[in-house]
There are 2 protein chains.
Amino acid sequence: MYICPMYSSELLKGTLKTIVLNLLKDNGRMYGYEITQRVKDLTGEKIQITEGALYPTLHALESQGELQTEEVFIGKRVRKYYTLTEKGQSTAKEKVNELVDFMNTMKFLLDLEPRTGNG
Amino acid sequence: MYICPMYSSELLKGTLKTIVLNLLKDNGRMYGYEITQRVKDLTGEKIQITEGALYPTLHALESQGELQTEEVFIGKRVRKYYTLTEKGQSTAKEKVNELVDFMNTMKFLLDLEPRTGNG
DNA sequence: CAAATATACATAAGAATTTTAGGTATACAA
DNA sequence: TTGTATACCTAAAATTCTTATGTATATTTG
């Protein structure tokens, strides 16, 4: 039984930074691959962040001073852990508030009844 | 007193078709400029659809058979009214369902408490 | 132990969508 | 008559993501 189609990918656009910042806010520190798997697991595979989108985003957030990195060796492999900077913490809150506000606005816009008798 | 900043435009990405289809579903028929003004009014200027984004989207939806047009002269000016085709009506419902589902998934993803004691 | 899969990083070409910036023209208000 | 609103349109550039590819180590499976 096939249940969970992914969303048509357009919807995800613009939410990636918010997702990343918020996951790091809740989880302290995470590495890239872990983020992709966590999002996949938590959403029942409905949202799948591709590495081609994630890694450039992580690099951008780092260069903007939102994230800082810490490299840890796991055997012979390097794993790059990301944590929020102070700036990143406030940005995370702003982004989440903005997204919640946006979603409420969208619901209002979409749930509207046909306007009869008031316009 | 300045209250209502627009959303950082990234969030809007991917929602334009859904907004257009749903407005037409609720309002029967509308023309392009009307859509921009309606969205602006209904959202307190938080969401502003630019004409550069809207018109190409309307043309695309029409060429995909989601919309049909009707030209009406207002004085010397042509006004292009858009209405949903049958295909457009079912697409509108699908798109709205998809967006609502997506927003619920996002809220779940963002409202998560730090996971302590279960991993 | 060989092969396949999973982990883990990364970049780059191309696609899709939007912004920004223009263009045209009529209608109306100051 | 000058500015603003209405009403359509297009195109270059920017943004963001997908798809495809590359590299390498670790683990599982036959």
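Note that these values count all heavy atoms, side chains included, but never hydrogens, waters or copies made by symmetry. A note on names: the letters A, B, ... follow the listed sequences, proteins ahead of strands, and every chain is numbered from 1.
In this structure, B:Glu34 atom CD and D:dA7 atom P are separated by 8 Å, rounded to whole Å. In this structure, B:Leu16 atom CG and C:dT19 atom C1' are separated by 12 Å, rounded to whole Å. Distance B:Arg38 CZ to D:dA5 P: 19 Å, rounded to the nearest Å. A:Gln48 has its CD atom 15 Å from the C1' atom of C:dA6, to the nearest Å. Between the OH atom of A:Tyr33 and the P atom of D:dA26 there is a distance of 15 Å, rounded to whole Å. Here the C1' atom of nucleotide D:dA7 and the CG atom of B:Leu58 are 13 Å apart, to the nearest Å. One can place OH of B:Tyr82 at 14 Å from P of D:dA7, the figure rounded to the nearest angstrom. A straight line from CZ of A:Phe73 to P of C:dA8 spans 14 Å, rounded to a whole angstrom.
Out of C:dT11, D:dT16, D:dC8, the shortest distance to the side chain of B:Tyr55 is found at D:dC8. Distances were taken from every side-chain heavy atom of A:Tyr31 (C-beta onward) to each of C:dT20, C:dT11, C:dA8; the shortest belongs to C:dA8. Comparing C:dT20, D:dC17, D:dT18 by their nearest atom to the side chain of B:Thr50 picks out C:dT20. Counting only heavy atoms from C-beta on, B:Gln37 has its side chain closest to D:dT6 among C:dT18, D:dT6, D:dT18. Listed candidates were D:dA7, D:dC17, C:dT11. Nearest to the side chain of B:Arg79 is D:dA7.
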(request) Could you run through nucleotides 21-30 of chain C and give me one letter per nucleotide, 5' to 3': B if any protein heavy atom sits under 4.0 Å from the base, S if only the sugar-phosphate is that close, - if neither? (result) ----BBS---

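For the pair B:Ile47 and A:Thr105, the tightest heavy-atom approach, listed with the atom from each and the gap, is CD1-CG2, 3.9 Å. Contact detail for A:Phe108 and B:Leu42: the closest heavy-atom pair is CE2-O, 3.3 Å.
Side-chain atoms of A:Thr85 come within 3.5 Å of backbone N or O of A:Gly65 as a donor-acceptor pair. Side chain of A:Glu34 to main chain of A:Tyr31: a donor-acceptor pair is present (N/O by atom type, distance under 3.5 Å, no hydrogens or angles).
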(request) Using the side-chain contact (heavy atoms from CB on, under 4.5 Å) rule, take B:Asn27 and B:Arg38 through it: C-alpha gap first, then chi angles, then the decisive distance, then the call. (result) CA-CA 11 Å; B:Asn27 291 279; B:Arg38 183 70 60 88; 2.9 Å; yes

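Taking 4.0 Å as the cut-off between side-chain N and carboxylate O, A:Lys80 and A:Glu70 do not count as a salt-bridged pair. Under 4.0 Å is where a charged nitrogen must lie from a carboxylate oxygen, and between B:Glu71 and B:Arg79 no such pair does.
Of the side-chain N and O atoms in A:Lys80, one or more sit less than 4.0 angstrom from OP1 or OP2 of C:dA10. Applying the 4.0 Å criterion to OP1 and OP2 of C:dC9, one finds that A:His59 has every side-chain N and O outside that range.
A 4.5 Å side-chain heavy-atom check between B:Met30 and B:Thr83 finds every atom pair outside the cut-off.
Side-chain polar atoms of A:Gln48 and A:Thr36 form no donor-acceptor pair below 3.5 angstrom.
Using a 4.0 Å cutoff on non-hydrogen atoms, no part of residues 61-72 of chain A comes near DNA chain D.
Comparing A:Ile49 and B:Tyr81 along DNA chain D, the residue whose closest nucleotide (by nearest heavy atom) sits nearer the 5' end is B:Tyr81.
None of A:Leu61, A:Leu21, A:Asn22 except one satisfies the side-chain contact (heavy atoms from CB on, under 4.5 Å) rule with A:Leu84; the exception is A:Leu21.
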